[in-house]
Number of protein chains: 2
Amino acid sequence: MKFKAKILHIATRGTLIAILNKIDTEKLDLTTLDRIKIKRGNKTEVVAIDIAYGKKEVSPGQIGLFIDVADELKIKENDELEVSLEPKPQSLQYIKNKLDKKELSKTEINAIIKDLVSNRLTEIETTYFVSGCYVNKMTLDESAYLAQAIVDNGGKLSFNKKPVVGKHCIGGISGNRTTSIVIPIVAAAGLTIPKTSTRSITSPAGTADTMEVLAPVSHSKEKIIQIVNKTGACMVWGGTQDLASADDKLIKLEKTLSLDPEGFLLASILAKKSSEDCSHVLIDIPIGKEAKIKDSKKAKDLAKKFIILGDKLKMKIKVIITDGSQPIGKGIGPALEARDLLLVLQNKPAPEDLKKKSIFMAGMIFEMADIKEGIKKAQEILESGKAYKKMQEIIKAQGGNPNIQPENIKVGEYTHTIKSNKDGKVNYLSNNLVTKIAKTSGAPQDKGAGIYLHKKLNDKVKKNEPLFTIYAESKDKLNFALKENINDIIKID
Amino acid sequence: MKFKAKILHIATRGTLIAILNKIDTEKLDLTTLDRIKIKRGNKTEVVAIDIAYGKKEVSPGQIGLFIDVADELKIKENDELEVSLEPKPQSLQYIKNKLDKKELSKTEINAIIKDLVSNRLTEIETTYFVSGCYVNKMTLDESAYLAQAIVDNGGKLSFNKKPVVGKHCIGGISGNRTTSIVIPIVAAAGLTIPKTSTRSITSPAGTADTMEVLAPVSHSKEKIIQIVNKTGACMVWGGTQDLASADDKLIKLEKTLSLDPEGFLLASILAKKSSEDCSHVLIDIPIGKEAKIKDSKKAKDLAKKFIILGDKLKMKIKVIITDGSQPIGKGIGPALEARDLLLVLQNKPAPEDLKKKSIFMAGMIFEMADIKEGIKKAQEILESGKAYKKMQEIIKAQGGNPNIQPENIKVGEYTHTIKSNKDGKVNYLSNNLVTKIAKTSGAPQDKGAGIYLHKKLNDKVKKNEPLFTIYAESKDKLNFALKENINDIIKID
């Protein structure tokens, strides 16, 4: 059949979709999300169809194309296109099997992820896959196949080095900017440790947001490899390299219902690490009432699964279970966290917990890589200034100013400090409220926004001593933050 | 916050969606499918958001609106709109509960269906609901709540009569045009029997397609009520009255993966009947290898559930399990079926099985309505010509010609007859192939297209006797049909 192209000037960046008029779909016995093949010259593209009910947008005989499809096939307005019916992809049957509680094979999971990445599955169809994996759970084998499929169908960094080490934290608590300290310590010892991170969506700052205060983080895949080959490390944003792009699509759908299927969580993290070419990975699971993992039983169970799964994916995994009862460090928000971490690296007065946890983690990585007395070694590297020197190299390689000083990092000029109204001891510090109020004040988009905690859990406090300071880059945002229940962040007893 | 409207000239007829630029969504910490409230004058509308990645379609500061939303709020290009954040609907939590295997309450299911009908749930969110009900099954209580919610949140016909009777067949076999014979028989006895049908999507003709050969079937709700009040019956298309519109949305999503959750099937059918104001319903479950229900165990189980569910919905249900091993009647396709049914009603030579099944079904309805010796009564009404007279009344009330004769019904002028190549007996007749080839020949869009079966199961056949004739309205379509495996439709032994 022949149709005339009508270009719809909207990009979907998702499923490839063409729109036909209801009259045509009835004639052809097509329903929404059936597939058609569009031919233009010697290029073809399979797309799902949607139906136009009126005649104004897409008339009978026309085929409406979103700009992605039109660009792909170099189609212009009114081009005549040859359209034929195309069976639905085989992967739909596998998705149905998962809904029917059948375990999927490696080939089947790979087919689903391949179709997902090439935009051949609609979001509705993918949602059925997420549902099946959520309700019927995934076996560890399925999680391994999923991780492998995400890696095989996405971009991949590749270094000709062994070992390549990595670290990942199962998020959920603010601050915790250990990554930017652990990485220079580890790289200073000669190990390779590339780190790609997401920009934060749910917390006041991710590693990429904080690093961006010190140096650019958006680089091409080639540039990232160059940085790592030069310095042994990088701290970049992972969004531009198509690493684990299937993962991003699945996460988007999970988020709509705040689902977090464990099988996906495992696969998602290990796929990211595998696509960074890691051979050894340290996983940090903080536990705490307001952390993602609430108790040690759950944490231990998850740790076991990470290790088994790592084995299947030929990565050595070590899991540490840490205290997630309060934020790590004192600054919360990109600039405030960047200041903290530079102070630690420069061996100036700095939050002790941040320093201690970073040394511990670097030490654990050293031991995985067969470096003896890892913690002692990590402490030496940090305190000798070698880690700071390595950090300067990394900042320079990423295009930043290696001589930036903590006091030169710009923080929000609008501030408000909350003081204690009595003598006592901090017996409660709310992770969730710190996160919420730091975000309301503008973090992470406003780099200088956030919260500085003068006091932390179990600290003694005198009446009128400052408890915490809120920073914002505009008066409006500071006022927004002050409307929140700020007095509940810290409780004194 | 204020945004400038940009109208996108596409109608979605589904979820209400607005598009914001990625820069704005990051600032506002919004992700895809979060909700915003748009205010224009004193009208407000809550919509889900999607994200534009480039700046060409929707720039920062702009809000892209599909034409449905723009029309609803009377928004014009460049209007300044007040936009505020809106929490996600509570029904999302209920959907998540269903995925988590929790049984939903009446209030919860009603909230989901209410949001679905008012386009406040996205298709992705609704897909999670379908998944939950499919994987975790629905209890009969949940099916009853769902049916009730579909009725309460949709259009409803209302007659001041008791009883109002109805019939429904769990589809899957061709022909089976009993409805158009049962209804005049039942109405001729003074009972009220309104019948709304879908146009067929998967079979060569639905009741509405066939009836349309004899009279118009698209009428307003008021006109339908008028027709029923005048004649006691109607046979109309149910698509214009918003009856059970939630059902249509759920069915669309089920179809993408050919899911058919039993709880939905039950709710869907009984909601339709309840919205037709039925107090008594006869359900026909044909069983056969190529019917929807394959064996009598499954049919009996389903029958039991229909009866229990009917009780919950205050409808009296009677279920008959019938032979679905081959098509009922000889004509397949709207005009060929219309000819068959007129012949039966006029007591002229006609397919015996069609006549017999129609009398049986009408008889069962009579017995539900406390009319004694129902089958005998049905036969009397049919053979006395009273049913035909009632059919003429209905045709006239719907705006057709009541004096139309079978020989005046136009069938496709391009035909091809397959003859037997040997003496023997018909031992196989494929429902599925009859359906497929009748559709390829143009049915139901081409009213005159279809298949006429000269022979049926167990009929004796002589060599060169005709087995069946394919009808089409164009030479092309006849040729399409002839390319199918037509020699497998009937097998002789």
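Residue numbers start from 1 in every chain, and the chains themselves are labelled A, B, ... in the order their sequence lines are given, proteins ahead of strands. Below, each value reflects all heavy atoms present in this structure, side chains not excepted, and no hydrogens, waters or symmetry copies. Predicted model only: the values in this text are computed from it and were never measured.
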Do I63(B) and D24(B) come within less than 4.5 Å of each other through their side chains, counting heavy atoms only?
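Heavy-atom side-chain distance check fails, nothing below 4.5 Å.
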
Is the closest side-chain heavy-atom distance between I7(B) and K76(B) below 4.5 Å?
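No, side chains not in contact.
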
From [atom1] ([X]) to [atom2] ([Y]), nearest 0.5 Å:
X: M138(A); Y: E262(A); atom1: CE; atom2: CD; answer: 11.0 Å
X: Q445(B); Y: D209(B); atom1: CD; atom2: CG; answer: 8.0 Å
X: I49(A); Y: R35(A); atom1: CD1; atom2: CZ; answer: 10.0 Å

Provide the closest heavy-atom pair for V58(B) versus I19(B) in the form atom of the first, atom of the second, distance.
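Closest approach of V58(B) to I19(B): CG1-O, 3.5 Å.
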
Tell me, for Y134(B) versus chain A, whether the close heavy atoms (under 4.5 Å) come from the side chain, the backbone, both or neither.
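Just its side chain gets close to chain A.
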
Please output the residues of residues 95-104 of chain A in contact with chain B, using a heavy-atom cutoff of under 4.5 Å, in numerical order.
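Hits under 4.5 Å: I95(A), K96(A), L99(A), D100(A), K101(A).
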
Set of residues satisfying ring-ring contact (aromatic ring centres under 6.0 Å, His included) with respect to F264(B), sequence neighbours excluded:
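Per chain and number, F264(B) pairs via ring-ring contact (aromatic ring centres under 6.0 Å, His included) with F129(B).
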
Using a cut-off of under 4.5 Å on heavy-atom pairs, state which of N136(A), T126(A), D34(A), L259(A) scores highest against chain B.
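Highest number of heavy-atom pairs under 4.5 Å: L259(A).
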
Pick from D446(B), T122(B), L253(B): which one has the most heavy-atom pairs with chain A under 4.5 Å?
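Heavy-atom pair counts peak at L253(B).
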
